[in-house]
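In what follows, a single structure is set out as structure tokens and then discussed.
A, B, ... follow the sequence lines: proteins, then strands. Residue 1 opens every chain. Only a predicted model underlies this, so the values are computations on that prediction, with no experimental measurement involved.
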Amino acid sequence: MSTYDRIYQIVRQIPPGRVATYGQIATLADLPGQARLVGYALYRVDLANSDVPWHRVINAKGCVSHSPQRRGTDYHQQALLEAEGIEFDESGKLNLKQYLWRSPPTSTSV
DNA sequence: AGACTGACGGTCT
DNA sequence: GAGACCGCCAGTC
């Protein structure tokens, strides 16, 4: 169990049709302020070899983060989100207030 | 063992 | 409201 694995656990809790921000996941993973680690972790996630819905994770700007390292998977991410009913505006962004995943109050126990 | 890379968030101007 | 700067950790070579 590594720090990244814990991040994957949080991401796997994101329900379909909802999205979460890196910072939010970082906080849920007990890593407040370390949104970077979340992004780094997702970068290592295997696109088709993991149960982690990495595509439901976006940045605080409410849009998919693009990078040449992703080889176009960034666009694929947006496509997957649209397939779940999420709509993007002409700016490539989405309504966080509408699609942002609200973490459960008490997942495991007290 | 040291250095480089890599999907961001928050705050200030 | 938008743009710029700073700080973080883990894995790999």
Interatomic distance where [atom1] belongs to [X] and [atom2] belongs to [N] [whole Å]:
| X | N | atom1 | atom2 | answer |
| --- | --- | --- | --- | --- |
| A/Ile10 | B/dC8 | CD1 | C1' | 17 Å |
| A/Gln24 | B/dG10 | CD | P | 11 Å |
| A/Tyr22 | B/dC8 | OH | C1' | 8 Å |
| A/Leu37 | B/dT5 | CG | C1' | 14 Å |
| A/Ile58 | B/dG9 | CD1 | P | 9 Å |
| A/Gln34 | B/dG10 | CD | P | 13 Å |
| A/Gln69 | C/dG11 | CD | C1' | 15 Å |

- Task: Calculate, to the nearest 0.5 Å, the distance between atoms CG and CG belonging to A/Asn95 and A/Leu100 respectively.
- Result: 11.0 Å

- Query: Across all strands, who's sitting opposite B/dT5 as a Watson-Crick or G-U wobble pair, both distances under 3.5 Å?
  - Reply: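 Matched B/dT5 with C/dA10 under the 3.5 Å cut-off.
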
- Query: What nucleic acid atoms does A/Gly33 come within less than 4.0 Å of, heavy atoms only: base, sugar-phosphate, or nothing?
  - Reply: nothing

- How close do A/Gly17 and A/Tyr99 get, heavy atom to heavy atom, and via which atoms? O-CD2, 3.8 Å

- Query: For the side chain of A/Arg36 and the base of C/dG7, is some donor closer than 3.5 Å to an acceptor across the two?
  - Reply: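 Yes, the side chain and the base share a sub-3.5 Å donor-acceptor pair.
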
- Counting side-chain heavy atoms from CB outward, which of C/dG11, C/dC9, B/dC8 is closest to A/Ser2? C/dG11

- Using side-chain contact (heavy atoms from CB on, under 4.5 Å) as the criterion, list what pairs up with A/Ser2, not counting sequence neighbours.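 Per chain and number, A/Ser2 pairs via side-chain contact (heavy atoms from CB on, under 4.5 Å) with A/Asp5.
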
- Message: Holding to side-chain contact (heavy atoms from CB on, under 4.5 Å), I want the full list of residues that pass it with A/Ser67, two or more places apart in sequence or in another chain.
- Response: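 Residues passing side-chain contact (heavy atoms from CB on, under 4.5 Å) with A/Ser67: A/Gln69, A/Arg70.
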
- Query: Would one find a side-chain N or O of A/Thr3 under 4.0 angstrom from OP1 or OP2 of C/dC9?
  - Reply: no

